[in-house]
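Encoded as structure tokens, the structure appears first; notes follow it.
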Amino acid sequence: MMVFTIFNGSLVFSCDPILESLILSKSSINSIDMLFREFSTKLGQLGREARNSKIDMDTLVNTKLVWLKVYEKYYLYPPDTINHKHWTQSIDKIAKLIKSISLGASTSDFETTHTDILKIQTTLVSIYDGSQNKSFFAKSKMIQHLFHLHKKSKLEELEEDAKLIKDRLHIEWNELVNYFSTKDKILLNLDTKFSKLQNMGLDEYNVQKETIFKQLDEMYWNSQDQ
């Protein structure tokens with residue numbers, strides 16, 4: 001199960017790492033974001049139990065309760081940034097998968113349950129991925145979060161998460177690179193920068209990331225004035 005653990009005060013979240021980065025890269029986080037984050041966390045816990053072939057029915061009930069909040073509050077009122085058709089299709093798909101998970105848990109079909117959970121996590125990511133502001137600065141912010149999550153996952157020895165995030169980083173970075181002119185790409189030496197960022201330890205990254213990404217942001221900003 002691909003989950004990632006971070007600390008927020010006294011709370012421990014275990015959220016899909018890509019969903020986590022998409023939420024954190026938003027300019028503002030609202031109640032639906034927090035519900036989806038909580039839902040993903042509950043799914044992560046349920047997934048670990050399914051993987052261990054022992055599902056706690058309380059975990060299933062709590063997961064469904066969070067999902068019910070999402071469904072009741074937002075099914076007819078999707079966020080403005082999300083395509084209405086995609087939203088409805090995604091929510092309907094998750095609702096069917098929740099029913100399948102309940103059936104799988106009651107019959108001890110742990111493999112199906114685990115697969116259904118992965119499908120839901122993927123659907124949650126698709127909701128946010130399609131609604132993201134594709135501006136340069138939103139993408140830059142997301143990449144910063146992805147690098148942080150990748151280094152944390154390596155420290156926690158969450159190899160599945162690390163691979164997932166690494167693959168996503170390559171996609172997002174290549175898209176970021178395309179915002180620059182050929183001249184700016186050469187000046188910024190973007191391939192070398194990516195390798196440098198990738199090879200940094202977490203502590204070094206936390207010290208240097210602001211300087212590195214500020215340079216990228218300023219270069220892009222200045223290019224728009226020319």
Side-chain angles (χ1 to χ4, degrees), residues 2 4 6 15-30 32-34 36-37 40 78-87 89-90 121-155 158 160-226:
M2 294 176 289
F4 191 83
I6 66 171
C15 184
D16 178 277
I18 302 303
L19 179 65
E20 183 79 14
S21 65
L22 286 165
I23 290 175
L24 291 177
S25 66
K26 292 183 63 180
S27 57
S28 62
I29 298 174
N30 54 36
I32 181 62
D33 300 322
M34 297 308 295
F36 273 139
R37 198 180 186 199
S40 180
D80 294 336
T81 55
I82 297 177
N83 177 275
H84 192 277
K85 182 178 180 181
H86 179 59
W87 171 265
Q89 290 175 341
S90 298
Q121 297 281 29
T122 300
T123 303
L124 291 174
V125 168
S126 79
I127 289 172
Y128 278 86
D129 201 21
S131 68
Q132 282 299 101
N133 179 355
K134 296 301 182 181
S135 73
F136 172 88
F137 299 106
K139 188 169 292 294
S140 175
K141 188 176 180 182
M142 180 184 178
I143 288 171
Q144 290 183 57
H145 287 302
L146 284 171
F147 270 118
H148 180 82
L149 291 173
H150 183 256
K151 296 175 193 308
K152 287 284 286 183
S153 66
K154 295 288 284 185
L155 284 175
L158 299 172
E160 289 185 12
D161 282 7
K163 184 181 184 304
L164 178 73
I165 299 168
K166 182 179 179 180
D167 291 344
R168 184 66 181 229
L169 262 172
H170 278 282
I171 293 171
E172 297 295 336
W173 183 265
N174 287 333
E175 290 181 1
L176 187 79
V177 167
N178 288 331
Y179 278 93
F180 292 102
S181 66
T182 301
K183 177 184 175 182
D184 287 343
K185 290 176 187 177
I186 295 171
L187 286 172
L188 289 166
N189 203 357
L190 293 173
D191 288 342
T192 301
K193 259 192 182 57
F194 183 77
S195 296
K196 181 180 178 181
L197 285 163
Q198 204 168 23
N199 292 328
M200 284 180 184
L202 180 60
D203 291 340
E204 182 184 7
Y205 175 73
N206 286 336
V207 171
Q208 296 196 31
K209 66 178 180 180
E210 185 173 346
T211 300
I212 292 173
F213 281 96
K214 184 178 180 182
Q215 181 192 23
L216 296 179
D217 292 350
E218 287 179 349
M219 179 70 84
Y220 175 74
W221 182 265
N222 292 334
S223 71
Q224 303 307 295
D225 295 332
Q226 296 175 4

| task | Show your reasoning for whether ring pair (Phe, Tyr, Trp, His ring centres under 6.0 Å) applies to Phe137 and Tyr179. | result | CA-CA 11 Å; Phe137 299 106; Tyr179 278 93; 9.0 Å; no

Taking side chain as C-beta onward, heavy atoms only, is [X] less than 4.5 Å from [Y]?
{"X": "Leu124", "Y": "Asp16", "result": "no"}
{"X": "His148", "Y": "Glu20", "result": "no"}
{"X": "Lys185", "Y": "Asn178", "result": "yes"}
{"X": "Met142", "Y": "Leu176", "result": "no"}
{"X": "Phe180", "Y": "Leu187", "result": "no"}
{"X": "Asn189", "Y": "Lys196", "result": "no"}
{"X": "Leu24", "Y": "Lys141", "result": "no"}
{"X": "Asp217", "Y": "Phe136", "result": "yes"}

From [X] atom [atom1] to [Y] atom [atom2], the distance as rounded to the nearest 0.5 Å:
{"X": "Lys166", "Y": "Lys154", "atom1": "NZ", "atom2": "NZ", "value": "7.0 Å"}
{"X": "Leu202", "Y": "Glu204", "atom1": "CG", "atom2": "CD", "value": "10.5 Å"}
{"X": "Arg168", "Y": "Ile143", "atom1": "CZ", "atom2": "CD1", "value": "10.5 Å"}
{"X": "His170", "Y": "Asn174", "atom1": "NE2", "atom2": "CG", "value": "8.0 Å"}
{"X": "His150", "Y": "Leu197", "atom1": "NE2", "atom2": "CG", "value": "12.0 Å"}
{"X": "Leu190", "Y": "Met219", "atom1": "CG", "atom2": "CE", "value": "8.5 Å"}

Between [X] and [Y], what is the shortest heavy-atom contact and its length?
{"X": "Ser126", "Y": "His86", "value": "O-NE2, 3.3 Å"}
{"X": "Lys151", "Y": "Gln198", "value": "NZ-O, 3.4 Å"}
{"X": "Leu19", "Y": "Val125", "value": "N-CG2, 3.8 Å"}
{"X": "Phe194", "Y": "Leu169", "value": "CE1-O, 4.2 Å"}

| message | Determine whether a donor-acceptor pair (N or O, by modelled atom type, separation under 3.5 Å) exists between the side chain of Ser40 and the backbone of Arg37. | response | no

| message | Ignoring hydrogens and geometry beyond distance, is a side-chain donor-acceptor pair present between Tyr128 and Asp33 at under 3.5 Å? | response | yes

| said: For Asn30, is the CG atom crowded, meaning more than 12 foreign heavy atoms sit under 6.0 Å from it? | reply: yes

| query | Within a radius of less than 6.0 Å around CG of Asp191, do more than 12 heavy atoms belonging to other residues, nucleotides or ligands occur? | reply | no

| Would you call the rings of Phe36 and Trp87 parallel, tilted or perpendicular if under 30° counts as parallel and over 60° as perpendicular? | perpendicular

